[in-house]
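Report on one structure; see the data block that follows.
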Amino acid sequence: GEPVLLIPGFMAGDYLMLELHRWLKRIGYQSHLSNIVWNNDCPDKTARGLAQRARRLREESGQRLRVIGHSLGGMLAKSLVQDHPDLFDRVITLGSPFRSMVKAHP
């Protein structure tokens, strides 16, 4: 019954994560989609929205979240856990590159 947040990769949306979402529910997890329709926005803006979603899910469940991200979604997941360690229990990434991550600043 642990809560899980799924984050899709670049140029994808929750539709990409539906099969995993259904499977996780079937085996007993509280799986949640990211509410991302098309992951092509500024990663910082996307991360802020995901942090708000994660905060709500944490409050509802009373448990720290597991987060699974695909590609860019995995990089966003890692960033979320670094910025909000109180919300998350662990990160699982699928096909995500992990060299040093650099944030763009105007």
Side-chain angles (χ1 to χ4, degrees):
E2 295 95 351
V4 179
L5 176 61
L6 304 175
I7 306 174
F10 182 61
M11 298 299 282
D14 284 338
Y15 64 89
L16 179 73
M17 306 303 276
L18 279 177
E19 190 65 32
L20 179 57
H21 171 67
R22 291 179 185 133
W23 181 75
L24 288 169
K25 282 185 161 291
R26 191 169 55 244
I27 64 172
Y29 287 91
Q30 297 175 40
S31 181
H32 302 277
L33 297 169
S34 65
N35 293 335
I36 293 174
V37 175
W38 194 249
N39 195 354
N40 65 347
D41 206 346
C42 168
D44 287 336
K45 181 179 175 185
T46 301
R48 284 191 299 272
L50 288 168
Q52 290 176 348
R53 176 135 175 81
R55 194 168 288 109
R56 283 191 304 273
L57 294 172
R58 167 86 161 97
E59 290 170 2
E60 289 171 10
S61 71
Q63 299 179 57
R64 290 171 51 191
L65 305 170
R66 287 80 182 143
V67 60
I68 301 174
H70 171 252
S71 190
L72 175 60
M75 295 178 75
L76 287 165
K78 183 179 178 193
S79 173
L80 284 170
V81 171
Q82 289 174 338
D83 293 343
H84 308 280
D86 56 310
L87 298 178
F88 300 96
D89 180 63
R90 69 194 65 199
V91 169
I92 299 166
T93 63
L94 308 168
S96 299
F98 279 113
R99 290 213 173 234
S100 62
M101 292 186 353
V102 177
K103 289 187 177 183
H105 298 283

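Model, not experiment: these values are computed from the prediction. Residue indices begin at 1 and follow the sequence shown.
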Exercise for the section: Could you grab the distance from atom CG of L80 to atom CZ of R55, nearest 0.5 Å is fine? Expected result: 10.0 Å
Fill in the blank from the handout: Between the CG atom in L76 and the CG atom in N39, the distance rounded to the nearest 0.5 Å is 6.0 Å
Exercise for the section: Output the distance between atom CD (E19) and atom CE (M17), rounded to the nearest 0.5 Å. Expected result: 11.5 Å
Practice task
Mind checking the CG-CD spacing from N35 to Q52? Nearest 0.5 Å is all I need.
Solution key: 11.5 Å
Problem - Nearest heavy-atom neighbours spanning L16 and G9 - result: CD2-N, 4.4 Å
Completion exercise
Of L87, V91, T93, I92, the one forming a side-chain contact (heavy atoms from CB on, under 4.5 Å) with V67 is V91
Problem - Reported NE2-to-CD distance for the pair H32 and E60, which is rounded to 0.5 angstrom - result: 7.0 Å
Problem - Heavy-atom pair with the smallest gap, counting every atom of S71 and S96 - result: O-OG, 2.7 Å
Practice task
Heavy atoms only: give me the nearest Q63-P3 pair and the separation to one decimal.
Solution key: OE1-CD, 3.6 Å
Exercise for the section: Indicate yes or no: at least one non-hydrogen side-chain atom of R66 is less than 4.5 angstrom from one of F88. Expected result: no
Practice task
Please round to the nearest 0.5 Å and tell me the distance separating atom CG of L6 and atom CG of L20.
Solution key: 5.0 Å
Problem - Side-chain donor or acceptor of E2 paired with backbone N/O of Y29 under 3.5 Å - result: no
Exercise for the section: Specify the closest pair of heavy atoms between D14 and S34, including all atoms of both residues, with the distance to one decimal. Expected result: OD1-OG, 2.6 Å
Handout entry: Residue pair P85 / D83: nearest heavy atoms and the distance that separates them
Key = CD-C, 3.5 Å
Handout entry: Main-chain N/O of R64 paired with D89 side-chain donor or acceptor, under 3.5 Å
Key = no
Exercise for the section: Would you please test L33 and L18 for side chain to side chain contact (heavy atoms under 4.5 Å, CB included) and show each step? Expected result: CA-CA 8 Å; L33 297 169; L18 279 177; 3.8 Å; yes
